[in-house]
Amino acid sequence: MARFRTRHVALGAFLLVFLWYMLPEEELAIHHLQPRGTAALARYMNDVKHIPHIEARQSTFAWNTVQFEYPPELTPKLPPPVTKRPRVQHNFRPDSRSVAAEQERRRLEVLRVFRKAWESYKRKAWMKDALKPLSGGYVDQFSGWAATLVDALDTLWIMGLRDDFYDAVEAVASIDFGKSTSGRVNMFETNIRYLGGLIAAYDLSENEVLLHKAIEVGDLLYVGFNTKNRMPVDFISFETAKEGSGLVVEEDVVSASPGTITLEFSRLSQITGDNKYYAAVSHVMDMFHEQQNKTKLPGMWPMRVSMAREDAISGYQFTIGGNADSLYEYLPKAHALLGSTDASSRKYEVMARNFMDTAIRSLFFRPMIPTDEDILISGNCDVLEAGPSLDPESEHLSCFIGGLYALGGRLFGNATYLDIGTRLARGCAYAYKSFPTGIMPERYNMVKCPGPDPKVPCKWDEELHAAECAKRTQYREGLPKGFTTAKDPRYILRPEAIESVFILWRITGKEEFREAAWDMFQAIVKETDTELANAAIEDVNTVGSKKTDYMESFWMAETLKYFYLVFADTDLISLDDFVLNTEAHPFKLSKV
Ligand SMILES: *[C@@H]1O[C@H](CO)[C@@H](O)[C@H](O)[C@H]1NC(C)=O
Ligand SMILES: *[C@@H]1O[C@H](CO)[C@@H](O)[C@H](O)[C@H]1NC(C)=O
């Protein structure tokens, strides 16, 4: 954590002077004219020359005209608005002058990295789903509706890049959701990136074009519920769906797929006043609620479920990592959005507390490490005849869980959750700083200590560690101590670790998280920087690793947004005003 600290004092002073000469004038002007602590958005906003009048163009197919063979039920009704929520964010005091200057320098550095990638996207891949950051080519892997652009809308707004924002809105106005580059449209990705991106950009800007397009995508996804049992499909057969004759639900899907619609559909119902989205997804979550205590690990659901057979009971693999992650993530978050004011909304709190208690007992472990840091890692649990067995394997995708426990700790007033969340977030920061690049791998193994209780000693044991390494076929020489594999050694610009660090910073106000964030940011930029933008890397265990011609839309939608928000004013996207979807899109918490 303190690795770069001393150098920074000298370097920082130099950079401040350097930046002063290098920066466009407007940024410095804004910084110095606006007093600290006033409306954070205004503080960072670049001048908007004019707010253009933009009208949405109708897509070539109107998804709200589909005649459903199997119309979903229209109840339950949205719960009444939440009148009171527990405070989530730390009560921050202003930084000292020198600390504020340092954070400002960091914020501008994140802004610079974002702008570079955005300019390249504009030049080389405008209206395409993703820029290829090495070749300057592009890919359309999400139906060709400009995924990177839609995903980055709210980041543009948050970073105060208003002219770019309105240029992007103008582009959104012409997206045709009646045509797709792929015959099968992925429900999950379309929901979290496109619908989530449009809702958040609308919540921030109140621009009607964004609402119009959000409803178009919402109605497209709603057609995914036109099935015999009203459970959603995993992939929408695009042309068949238009006919309305019904879709066939897949036999077997990963649980995150049906479990990650609640937030977007609930918010869409709140914004439009049209109850149908909320009702459709509420039925899906009723199924999860009803089956939660009947599984092989009561409190959690297996990683694979069957929506066709309505079976979230019989599987035996349990994880909060990839394939299951946002099913769990959306339970406390749905509670934040909807409250527990009636029977249909109360289930989110019940399911959230229930899974959180179960995961503490069955999934989290203390790894054996050569230092005495108090950290937790989230593993996987298989339940076979002999009972539950924890595999100390983890992955970058699991790193959202620390932030989620911290949030749950505040929402449910439970200090244990907050403590567990803090240790989980520290676990991911630890994994980052352990590797020579300063970045953690996609997937890895560690050695489990006995029990999660920090009072039970867990001493570093060289022999035990060597024996555990020998057991792993994927062990290789040169791994950092404490890691028995880096099974998948890539870093693909993922956000989950900085997501948790951001949430822990906003909830606890502990300086260690801002410092961890800055170390992570510098490491990532150093290793992933290309002439055009940033690229995934092949091996976090090798400094200067080979890069891949790949930059997912979540780099600008999530990773850079979280970094930016760590160094920006703490009332910018306050966790008391917004809840973020799994693609880091902030949805406004309605208040009365
Ligand atoms: C499952 O168990 C939890 C914890 O005991 C409880 O709060 C919850 O109501 C149960 N769920 C159902 C559907 O019975
Ligand atoms: C908080 O969560 C812990 C861990 O699951 C549980 O044991 C405890 O009873 C909870 N406390 C409150 C006040 O709900």
Side-chain angles (χ1 to χ4, degrees), residues 76 79 84-88 231 255 258-259 262 281-302 305-307 309-315 318-320 324 327-336 338-366 374-379 381 383 387-388 390 398 400-427 449-456 500 503-504 507-508:
K84 207 170 165 357
R85 291 188 173 85
R87 190 184 165 96
V88 170
M231 291 297 165
S255 62
T262 314
V281 77
S282 187
H283 284 290
V284 178
M285 298 317 290
D286 281 341
M287 179 193 122
F288 281 99
H289 179 220
E290 204 264 313
Q291 301 188 1
Q292 186 173 18
N293 295 340
K294 300 177 181 166
T295 68
K296 293 190 164 71
L297 188 66
M300 294 186 66
W301 302 270
V305 297
S306 174
M307 301 313 284
R309 283 177 278 113
E310 294 178 44
D311 172 10
I313 294 177
S314 35
F318 297 84
T319 179
I320 56 82
L327 161 65
Y328 298 104
E329 178 187 350
Y330 274 20
L331 300 174
K333 289 185 172 182
H335 170 71
L338 299 163
S340 291
T341 44
D342 69 354
S344 81
S345 56
R346 204 165 297 132
K347 62 178 176 274
Y348 297 110
E349 175 172 4
V350 171
M351 287 189 280
R353 287 171 178 268
N354 195 358
F355 106 73
M356 289 174 79
D357 294 345
T358 304
I360 292 174
R361 283 194 305 270
S362 308
L363 245 56
F364 305 153
F365 68 94
R366 278 190 304 155
D374 179 18
I375 60 171
L376 286 176
I377 299 289
S378 183
C381 184
V383 186
L390 177 77
S398 299
F400 78 98
I401 196 70
L404 193 72
Y405 268 72
L407 182 65
R410 284 285 193 252
L411 294 173
F412 304 131
N414 187 314
T416 305
Y417 295 160
L418 179 53
D419 173 57
I420 298 274
T422 306
R423 293 162 72 198
L424 285 163
R426 283 185 187 139
C449 288
D453 184 352
K455 286 189 263 356
V456 177
S500 277
I503 293 173
L504 263 296
I507 286 180
T508 68

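In this chain, numbering begins with 1 at the start of the sequence shown. Remember, it's a predicted structure, so these values are computed and weren't measured experimentally. What you see below is based on every heavy atom in this structure, not just the backbone, and it leaves out hydrogens, waters and symmetry mates. As the structure lists them, so they are numbered: ligands from 1, and atoms in each ligand from 1.
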Please walk me through it: do Tyr417 and Ile360 pass side-chain contact (heavy atoms from CB on, under 4.5 Å)? CA-CA 9 Å; Tyr417 295 160; Ile360 292 174; 4.1 Å; yes
Verify side-chain contact (heavy atoms from CB on, under 4.5 Å) between Asn354 and Asn293, making sure each step is shown before the conclusion. CA-CA 9 Å; Asn354 195 358; Asn293 295 340; 2.9 Å; yes
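Within 4.0 Å of atom 14 (O) of ligand 2, at least one protein heavy atom is present. Put simply, atom 5 (O) of ligand 1 has no protein non-hydrogen atoms near it, under 4.0 Å away.
Nearest non-hydrogen protein atom to atom 2 (O) of ligand 1 is Asn293 ND2, 2.4 Å.
Selection from Asn414, Ile420, Ile360 by nearest heavy atom to atom 10 (C) of ligand 2 gives Asn414.
Contacts with ligand 1 closer than 4.0 Å are made by heavy atoms of both the backbone and the side chain of His289. Contacts of Asp357 with ligand 1, taken as heavy-atom pairs under 4.0 Å, are absent altogether. Neither the backbone nor the side chain of Phe412 comes within 4.0 Å of ligand 2, counting heavy atoms alone.
For the side chain to side chain donor-acceptor pair (under 3.5 Å) with Ser340, the lone residue among Arg346, Glu349, Lys347 that qualifies is Glu349.
When each atom of ligand 2 is checked for a heavy atom of Tyr417 under 4.0 Å away, the hits are 2 (O), 5 (O). Listed by atom number, the atoms of ligand 1 under 4.0 Å from Val350 heavy atoms are 8 (C), 9 (O). Residue Asn354 has at least one heavy-atom neighbour below 4.0 Å for each of these atoms of ligand 1: 1 (C), 2 (O), 3 (C).
Aromatic pair Phe355/Trp301: centroids not less than 6.0 angstrom apart.
Side-chain atoms of Thr422 do not come within 3.5 Å of backbone N or O of Leu504 as any donor-acceptor pair.
The aromatic rings of Tyr405 and Phe364 sit perpendicular, their planes meeting at an angle over 60°, well past the 30° parallel limit.
Within the 4.5 Å cutoff, side-chain heavy atoms of Val284 are placed close to those of Met307.
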